[in-house]
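Every heavy atom of this structure was used, including side-chain atoms; hydrogens, water molecules and symmetry mates were not. Just so we're on the same page: letters track the sequence lines, and every chain starts at 1. Note that the structure is predicted; figures quoted are calculated from it, not measured.
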Number of protein chains: 2
Amino acid sequence: MKELAKELNVSVATVSKAMRDSHEISEQTKKKVLEAAARLNYTLNPYASSLRKRQSKTIALVLPEVADNFFSLAINGIQSVAERKGYHVLIYLSHEKFLNEVSILSECSSGRVDGVLISISSETTSAEHILKLQRENIPIVFFDREFEGLRIARVVTNDFECGYNAAIHLINNGCTNPVFLSISTSLGICNKRAEGFKAALLEMKAGDIENAVVVCKGTSGDEYSQIKKLLTGKNRPDGIVASVERLAMTVYLMSHETGISIPNQLKVVVFSTLETAPILNPPLTTITQPAFEIGKAAAELLFKGIEKKGYNLADEYVELPSVLTERMSSRNS
Amino acid sequence: MKELAKELNVSVATVSKAMRDSHEISEQTKKKVLEAAARLNYTLNPYASSLRKRQSKTIALVLPEVADNFFSLAINGIQSVAERKGYHVLIYLSHEKFLNEVSILSECSSGRVDGVLISISSETTSAEHILKLQRENIPIVFFDREFEGLRIARVVTNDFECGYNAAIHLINNGCTNPVFLSISTSLGICNKRAEGFKAALLEMKAGDIENAVVVCKGTSGDEYSQIKKLLTGKNRPDGIVASVERLAMTVYLMSHETGISIPNQLKVVVFSTLETAPILNPPLTTITQPAFEIGKAAAELLFKGIEKKGYNLADEYVELPSVLTERMSSRNS
DNA sequence: ATGAAAGCGCTAACAC
DNA sequence: GTGTTAGCGCTTTCAT
């Protein structure tokens, strides 16, 4: 910058202002500076600016995993608004581990990012690491997977209702023993879906409420054996609502392997944005979350919190509806 | 930091060194400093460090899109090594647009990142933006989609061979008019796959080499109509090798819609890491790239370039093999 | 083993 | 409309 200033016989302050299109600089000088900068291949050093301005123009995106269509689509939504706002996105993966999440969030302090978008891991049962960040006045928005009971902004879908609808749908299609497949007992999103599911059973006087929710924990290998046990054991369910994409994939693989026929012996519904749902064998009934929109809304909320100082994000709550798309996997034969 | 120094009656220099576990500081003082830092919730300001040390501990990851299983898995591989090395990952999406790619790479200069991992967009036909970055001595590694003819490190798969094998596979399964579905005429990866494909046709004296490669450009809507035209027109192919996941999805959707029977009327092979391939209707034959490993290898190469100064990345070349997994979609009935 | 001081590249307050 | 200057929070010689 010094060089540039010398080259043009102006001060560094002038260059600085011109580079950022300040209105205190004449159009003429601006043009001169910008041209010279382009010629010399000069751009502002972002970290020097960050240090001085005390803002990083960067947000953190914390995901449990990325090999799930929902999160891929959400990244698109988030990225699109970040880009428009001139912000950069740091991506972090917790791999569903609480300890990873803790260390990721600790990296977010000290001004590394101006805000955090997070979908919590299935293991997370304590929120101290999140609250710590909030105490540093870093805006935080939960999307999809929130930590319940906190005064933190969140963008979610109508989980209870969808769980309810899924159960009703299965019952109406002849299931007498439907089961909800969860991945966590602490994840609000799973619990709400499960609650809705159970509420429907109760209302319809159907199924076995005591055993209606099955939690698959651990690695995907564990998941497989747990599901296999469930589907081949006695009192095996004739309907499944899978809380996440991965579980439905496992159910399908197993049905192909064991010869359990979908939908004849087992009907399946899944919470997922899977694009291949209509071309699966059989086509899979999904409850599709508006993933892109959830990401977008969460990012927009976050930027409101970042840009409008004094704006209190804490109680913001956005709920975007998911839709159940009926396909062969849950149809009454 | 000043506060911390005052609190402990040491100098800021001592604190700085202690925080980074320098050997010129006694164990005793280190412990004292670290404890006080933990107590006061103090962490180093990353941007001040970056400014001073002239390194950001951050890399950029530039992807054409994220809604493709290959890239999702690659992110995992990249993230895993970045994390281990204590680096942060900025994620950028070009959405297959050349101009986006140009502006993304321009953001990467001025020390924002210490290195760049990129898979180029299907539109990219000029490499000036990439070379500009290289001239700034920023280490760059291509993964999967390289720009051909540049002296830049790259990690790819055996594309020619796989294109060749795919064609042989279709011919052996009875196809007389197989076609390769490409997304770009400039993408090296597509061209190599197409070249391999054509080489096989030539060798086997099969098909119509002149019309063996069909390029689907533009938005996904355009793609749909182009493919529909191809598959319902005259001289329609009896075999398809799709160069990317998305195209195979489109072919499947269309076959379900138009009643074209796979594999009876049309056999399909796709370059993809799709997890749902075995449970599609019919199960889809894939050429599966080692996506995680490609990401990992690319990141490891990049860090070699970043950490070993004077190390010349330019001519590094890693090729990891893909495997063809035969499933129903290409089987001879 | 510890400290003093210069300065990384930039911005903001203030002077002109 | 432009210039001067102090300093953001840290690291790094170089003294001691």
Does [N] have OP1 or OP2 under 4.0 Å away from a side-chain N or O of [X]?
X       : N      : result
B/Ser11 : C/dA4  : no
B/Arg54 : C/dG9  : yes
B/Ser16 : D/dC10 : no

How many Å lie between [atom1] on [X] and [atom2] on [N], as a whole number?
X       : N      : atom1 : atom2 : result
A/Glu24 : C/dA12 : CD    : C1'   : 9 Å
B/Lys53 : D/dC8  : NZ    : P     : 20 Å
B/Leu4  : D/dG9  : CG    : P     : 13 Å
A/Asn45 : D/dG9  : CG    : P     : 17 Å
B/Lys57 : D/dC10 : NZ    : P     : 17 Å
B/Asn9  : C/dA4  : CG    : P     : 11 Å
B/Met19 : D/dG9  : CE    : C1'   : 12 Å
B/Leu40 : D/dG9  : CG    : P     : 15 Å

Residue pairs fulfilling salt bridge (charged side-chain N to carboxylate O under 4.0 Å, His left out) with at least one residue in residues 9-22 of chain B, sequence neighbours excluded: B/Lys17-B/Glu24, B/Asp21-B/Lys30

Aromatic plane relationship, A/Phe70 with A/Phe143 - under 30° parallel, 30 to 60° tilted, over 60° perpendicular: parallel

B/His129 and B/Phe98 aromatic ring geometry - parallel, tilted or perpendicular at 30°/60° bounds: perpendicular

Exercise: do B/Ser11 and B/Thr14 side chains pair donor with acceptor under 3.5 Å: yes

As a test of reading the structure: which of [options] is closest to the side chain of [X], going by heavy atoms?
X       : options               : value
A/Lys2  : D/dC10, C/dA12, C/dC8 : C/dC8
B/Arg52 : C/dA6, C/dG9, D/dT2   : C/dA6
B/Leu44 : D/dC8, D/dT12, D/dC10 : D/dC10
A/Ser26 : C/dT11, D/dG1, C/dA4  : D/dG1
A/Ala13 : D/dT4, D/dT12, D/dG9  : D/dT4
B/Thr29 : C/dC8, C/dA1, D/dG9   : C/dA1
B/Tyr42 : D/dC14, D/dC10, D/dG9 : D/dC10

Touch class at under 4.0 angstrom, heavy-atom based, for A/Ser49 against every strand present: sugar-phosphate

B/Thr273 (side chain) donor-acceptor with B/Gln289 (main chain) under 3.5 angstrom: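 No; judged by distance alone, with no hydrogens or angles, the pair does not exist.
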
Presence of donor-acceptor pair under 3.5 Å, side chain of B/Lys17 and base of C/dG3: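 It does, because a donor-acceptor pair links the side chain of B/Lys17 to the base of C/dG3 below 3.5 Å.
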
